[in-house]
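Proteins come first, then strands; the chains are lettered A, B, ... in the order of their sequence lines, and each starts at number 1. Just so you know, these numbers use all the heavy atoms, side chains as well, and skip hydrogens, waters and symmetry mates. Just so you know, these numbers come straight off a predicted model, no measurement behind them.
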Amino acid sequence: MAAPHSTMKFWKPGAEAPGISEERDLSSETTGSPFVFNPNTALSIEKQRQKLPVFKHRNNILYLVESFQTVIIVGETGCGKTTQIPQYLLEAGWAAEGKVVGVTQPRRVAAISVANRVAEERGALLGHEVGYTIRFDDCSDPHATRIKFLTDGMLVREMMADPLLKKYSVLMLDEAHERTLYTDIAIGLLKKIQKKRRDLRVIVASATLDAKKFHEFFNLNETGDPNKDTCGILTVEGRTFPVDIFYTVSPVPDYVKATVETVMKIHEMEDDGDVLAFLTGQEEVEKVVSLLQEQARALSRYGMKKHLRILPMYSGLPYADQMKVFERAPSTVRKIVVATNIAETSITINGIMFVIDCAFVKLRAYNPRTAIESLVVTPISKASASQRTGRAGRNRPGKCFRLYTEEDYEKLPAATVPEMQRSNLAPVILQLKALGIDNVLRFSFLSPPPAQTMVQALELLYALGGLDHYGRLTDPLGMRMAEFPLSPMFAKMLLESGNFGCSKEIVTIASMMQIQNIFVVPPNQKKDAAREHRKFAVAEGDHLTMLNVYEAFIKHQKSSQWCQEHFLNYKGLLRAVTVREQLRRLMNKFKVPRNSSEGDPDVILKCIVSGFFANAARIHHSGSYRTLRDDLELHIHPSSVLYGEKPPKWVVFNEVVQTSKYYMRDVTAVESSWLVELAPHFYKQAKHGSLASKRSRVL
DNA sequence: TCTGGAGTC
């Protein structure tokens, strides 16, 4: 028996997926077509532009932008808003007299690909009339660029140099419904700028659900007379295909197993078409991939006519493996992509006809009491479920199998909580202060974060010396900290490193800590990888270990071959080199002396403490650790070089991840006396020699 | 003591 016995039972409610349009005109699909310039193609591009749903609304959009300070555009998937609206504005003269039309994106990859597309459509070379600006990559010309795509984080940076954003006539915030941290910061700041610059136009592109909230936020009309509104709304229909939704008849006890069963059932019962399954993390993805591979081998032994190609997809996967999901499979092969949330919005895979949705996602969560940011598996929102479903209808009609009952779907929250309300706010407040927002508690947040998170962040910034007693940014320390594209703790550590005499080493350590997964562990070579990684490990902990890895990488001429032999992430290390250069430039700007500890580890460790003293823990007789601040139980993360070694008495760490327990990541052994010496305002030495936090405990 | 989600300045 080739096909497995399946116990999964689905049913399909009568109604169709909400918000999915009936339109199905494949001839004018514009995504991903390679462009070769000749007059005929130019003509056909013009025709294609006119076929996009947004084209019908061109004059209306221009009228609204003319009449209102802010326009909310509800643009459904595939309507063409991102590529077309900036061009309409350009054609209507909004980029005359040296002004720029700016379009922000939450993600780098989106900013680049959309800029490419628009440059193609205009027959222009990227970086001239149409350009983009993201960290480490400025492909724009200050004199020639009229349409500029940029990440929303980059826009916030630009405000530091130009608080009124004078060069922009229009700013379009794309994908605003995603409510990323920087989109929300940009939104609050733009509202403030609009009060001073009546000529600045803001376009907010959002999904249906949030349009009203954005409208209320941006509408400055307080008269109650709708004729005096300063904000307008327009809806543009999308172009996607209907997707049939199926729910399980009863709740699923194990969605990993259920995913495997559902894939096999689709393969057995359904027509051709690729499958996309959503899971929460790397471990689950790899498990499903290996279970499916077993089944696929069994199938091919029994000579099933169609083969399965099973591909994992998550951000930690090496780049070359990620690219495999975009390769088109031959007609004899069914492609199964097993992905994390990366496939929900960030990437589009052609040919997907079936989606399997487990109803969960891993999200950032923040606890202001313990100051711990963690990753937690959370039920998705209805908006997220609809987004996942839509992935099956990008090219043709599809089917979505939800591994939950319709009743459970109804219980899901409508939207995901904005990141602003579940993040550590220390970096946000530092930047707002640097942008001249003195009273951050009264800042116009689209969704205000919890007050306790604010207070906790202000306390930390004060302890780091970035804010003074009155909550004002200190000069120069606080102002310089704000200029670093890093968390305030890292910024403090870097700015202090010259005084400790180890700026060369600290800038390397800070750069390495920005890269995830420097150590590569292939599932089938765990032992070999561990053996190679141990060669870099030092007893002091992860920071000095990473310093060793970086220096060895440079010593071996940044060789990719060498990285492969030692199970190191080559692309990640190259990125560390780039990050290091950027940080070095900033340190030069602030005249941080270039010096080296010349092999003395203690000065490096002390410098780390000067930034990370708030993240200190001591060993507990149970063998685990307790934070000094809140007496919270912590464990060393299994990825740390200190894991399984003799535990040091005192440690500092960069971050905590919460899975089955609270785990410290990037851990380094320190002396307790350093904590008192370097953070006397934070810790005091008790009579019997133990350390205590000065801060009164909030219970 | 047994494991990191997606992004970004």
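- Heavy atoms of A:Val109 sit under 4.0 angstrom from primed sugar atoms or phosphate atoms, though from no base atom.
- As a whole-Å value, the separation of A:Asp184 CG from B:dG7 P is 19 Å.
- Looking at every heavy atom in both residues, A:Ala426 comes nearest to A:Leu461 through O-CD1, 3.6 Å.
- For A:Ser315 and B:dA6, the shortest distance from a side-chain N or O to OP1 or OP2 is below 4.0 Å.
- For B:dA6, one of the phosphate oxygens OP1 or OP2 lies less than 4.0 angstrom from a side-chain nitrogen or oxygen of A:Thr340.
- The CE atom of A:Met420 sits 13 Å away from the C1' atom of B:dT8 (whole-angstrom rounding).
- A:Glu419 comes within 4.0 angstrom of a nucleotide base, judged by non-hydrogen atoms across all strands.
- If you measure from atom CG of A:Asp666 to atom C1' of B:dT3, you get 13 Å, rounded to the nearest angstrom.
- At a threshold of 4.0 angstrom between heavy atoms, the contacts of A:Phe484 with the nucleic acid are absent.
- Using modelled atom types, one side-chain atom of A:Gln322 and one backbone atom of A:Leu317 make a donor-acceptor pair closer than 3.5 Å.
- The residue A:Glu158 sits apart from the nucleic acid: no heavy atom pair falls under 4.0 Å.
- Looking at heavy-atom distances under 4.0 Å, A:Ile134 makes contact with sugar-phosphate atoms alone, never a base.
- Between B:dA6, B:dG5, B:dC9, one nucleotide has an atom nearer to the side chain of A:Ile342 than all others, and that is B:dA6.
- No hydrogens or angles were tested; on distance alone, nothing pairs the side chain of A:Arg135 with the base of B:dC9 as donor and acceptor under 3.5 Å.
- Note on A:Thr280: only backbone sugar-phosphate atoms sit closer than 4.0 angstrom, heavy atoms only; bases stay farther off.
- The distance between atom CG of A:Leu279 and atom C1' of B:dA6, rounded to the nearest whole Å, is 15 Å.
- Residue A:Arg108 contributes atom CZ, which lies 6 Å from atom P of B:dT8 at whole-angstrom precision.
- A donor and an acceptor atom, one from each side chain of A:Asp137 and A:Tyr132, are located under 3.5 Å apart.
- Rounded to whole angstrom, the span from the NE2 atom of A:His637 across to the C1' atom of B:dG4 amounts to 5 Å.
- Residue A:Gly281 is classed as a sugar-phosphate contact, given heavy-atom separations below 4.0 Å to backbone atoms only.
- Ring-centre distance between A:Phe360 and A:Phe278: not below the 6.0 Å cut-off.
- Nearer the 5' end of DNA chain B, as judged by each residue's closest nucleotide, is the contact made by A:Leu634, out of A:Leu634 and A:Arg665.
- Side chain of A:Ser639, nearest nucleotide from B:dG5, B:dC2, B:dG4: B:dG4.
- Within the nucleic acid shown, A:Asp152 has no heavy atom closer than 4.0 Å to any nucleic acid atom.
- Of the side-chain N and O atoms in A:Lys661, none sit less than 4.0 angstrom from OP1 or OP2 of B:dT3.
- In this structure, A:Lys362 places its NZ atom 9 Å from P of B:dA6, rounding to the nearest Å.
- Using a 4.0 Å heavy-atom criterion, one finds that A:Gln282 contacts the sugar-phosphate atoms exclusively.
- Looking at heavy-atom distances under 4.0 Å, A:Gln431 makes contact with a base.
- The side chain to side chain contact (heavy atoms under 4.5 Å, CB included) test with A:Val260 is passed by exactly one of A:Leu292, A:Asp254, A:Val289: A:Leu292.
- Among the atoms of the strands shown, only primed sugar atoms or phosphate atoms (P, OP1, OP2) are found under 4.0 Å from some heavy atom of A:Thr151.
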Residue pair A:Ile636, A:Phe653: steps toward the side-chain contact (heavy atoms from CB on, under 4.5 Å) verdict | CA-CA 9 Å; A:Ile636 290 178; A:Phe653 53 90; over 6 Å; no

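- A:Asn517 has its CG atom 13 Å from the C1' atom of B:dA6, to the nearest Å.
- For B:dG5, the base adopts the anti conformation, since its glycosidic angle falls more than 90 degrees from zero.
- Under the 4.0 Å criterion applied to side-chain N and carboxylate O atoms, A:Glu178 and A:Arg107 are assigned as salt-bridge partners.
- When the nucleotides B:dC2, B:dG7, B:dG4 are ranked by their closest atom to the side chain of A:Tyr643, B:dC2 comes out on top.
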